[in-house]
Peer 1: 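Before we start, here is the structure in question, set down as structure tokens.
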Amino acid sequence: MPKKRTDKLVVSQQTKKTIRWKRVLIGLVFGLMIPLVVVAGLFLMYTNAARTLLTDSLENAVNTAKVAVQQTQPSLQRVSWEKVLEYLDERRFMEDLKPRAN
């Protein structure tokens, strides 16, 4: 009978080792992988939003310049060109905030 007891003990220890590895792997997945995926997703959203802001600012400047060229009254032309300069200054400001890759 003692052999059966040791056999059960050996099987029980092997099962515990397997369970420990599973817990370690699950801990790694939840502790490391999920935060890394979340950070990567947020980074991509942030960079895409910044790129969209830069593009929108430039598109607004171009569209306003088209309107300024079509204006016949000098006062309206001046207002439109001032708005174009505001859009371009806004874009330059956003580009200055963007980190540079050296």
Side-chain angles (χ1 to χ4, degrees):
M1 291 253 182
K3 282 189 176 184
K4 288 184 180 178
R5 268 188 149 173
T6 57
D7 290 342
K8 286 182 182 179
L9 232 146
V10 170
V11 171
S12 175
Q13 287 176 351
Q14 288 175 348
T15 306
K16 285 182 181 179
K17 287 181 181 179
T18 306
I19 291 173
R20 286 183 188 149
W21 277 107
K22 286 181 183 178
R23 285 185 181 176
V24 168
L25 290 175
I26 290 172
L28 286 175
V29 167
F30 285 113
L32 294 176
M33 296 303 292
I34 291 175
L36 287 175
V37 169
V38 169
V39 168
L42 290 174
F43 175 76
L44 291 174
M45 285 175 29
Y46 172 75
T47 56
N48 189 29
R51 193 175 314 130
T52 302
L53 284 174
L54 289 171
T55 305
D56 287 348
S57 181
L58 190 59
E59 286 177 7
N60 288 338
V62 169
N63 291 335
T64 307
K66 288 178 184 177
V67 169
V69 169
Q70 294 173 355
Q71 293 291 341
T72 56
Q73 295 179 1
S75 61
L76 293 177
Q77 278 184 339
R78 182 175 37 84
V79 169
S80 295
W81 285 114
E82 287 174 356
K83 193 65 178 171
V84 168
L85 292 175
E86 285 179 25
Y87 284 131
L88 294 175
D89 286 340
E90 180 181 310
R91 180 180 168 95
R92 186 182 323 140
F93 176 74
M94 284 188 276
E95 283 180 346
D96 289 343
L97 290 179
K98 190 171 63 171
R100 305 248 184 237
N102 292 329

Peer 1: List, by chain and then residue number, the residues other than Val24 in its hydrophobic cluster (Ile/Leu/Val/Met/Phe/Trp/Tyr, side-chain heavy atoms under 4.5 Å); write none if there are no others.
Peer 2: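 Once heavy-atom contacts under 4.5 Å are chained together, Val24 belongs with Leu28, Leu32.
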Peer 1: Are the side chain of Arg91 and the backbone of Leu58 linked by a donor-acceptor contact shorter than 3.5 Å?
Peer 2: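 Not confirmed, Arg91 side chain does not pair with Leu58 backbone.
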Peer 1: Between Thr64 and Tyr87, is any pair of side-chain heavy atoms under 4.5 Å apart?
Peer 2: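 With C-beta onward as the side chain, the pair touches.
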Peer 1: Can you give the donor-acceptor pairs under 3.5 Å from side chains of residues 65-85 to other protein atoms, not counting sequence neighbours?
Peer 2:
residue : atom : partner : partner atom : Å
Gln77   : NE2  : Gln71   : O            : 2.9
Ser80   : OG   : Leu76   : O            : 3.0
Lys83   : NZ   : Glu86   : OE1          : 3.3

Peer 1: Return the set of residues passing side chain to side chain contact (heavy atoms under 4.5 Å, CB included) with Ile26 (not counting sequence neighbours), or none when no residue passes.
Peer 2: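 Side chain to side chain contact (heavy atoms under 4.5 Å, CB included) check on Ile26 returns Phe30.
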Peer 1: Using modelled atom types only, decide if a donor and an acceptor are shared between the side chain of Asn48 and the backbone of Leu44 within a distance under 3.5 Å.
Peer 2: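 Flag not set: sc Asn48 to bb Leu44 has no pair under 3.5 Å.
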Peer 1: Enter the distance from Glu59:CD to Thr52:OG1 here, rounded to the nearest 0.5 Å.
Peer 2: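 Answer rounded to 0.5 Å: 9.5 Å.
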Peer 1: With the side chain counted from C-beta on, respond yes when Phe43 and Thr47 share a heavy-atom pair under 4.5 Å apart, and no when they do not.
Peer 2: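 Yes, side chains in contact.
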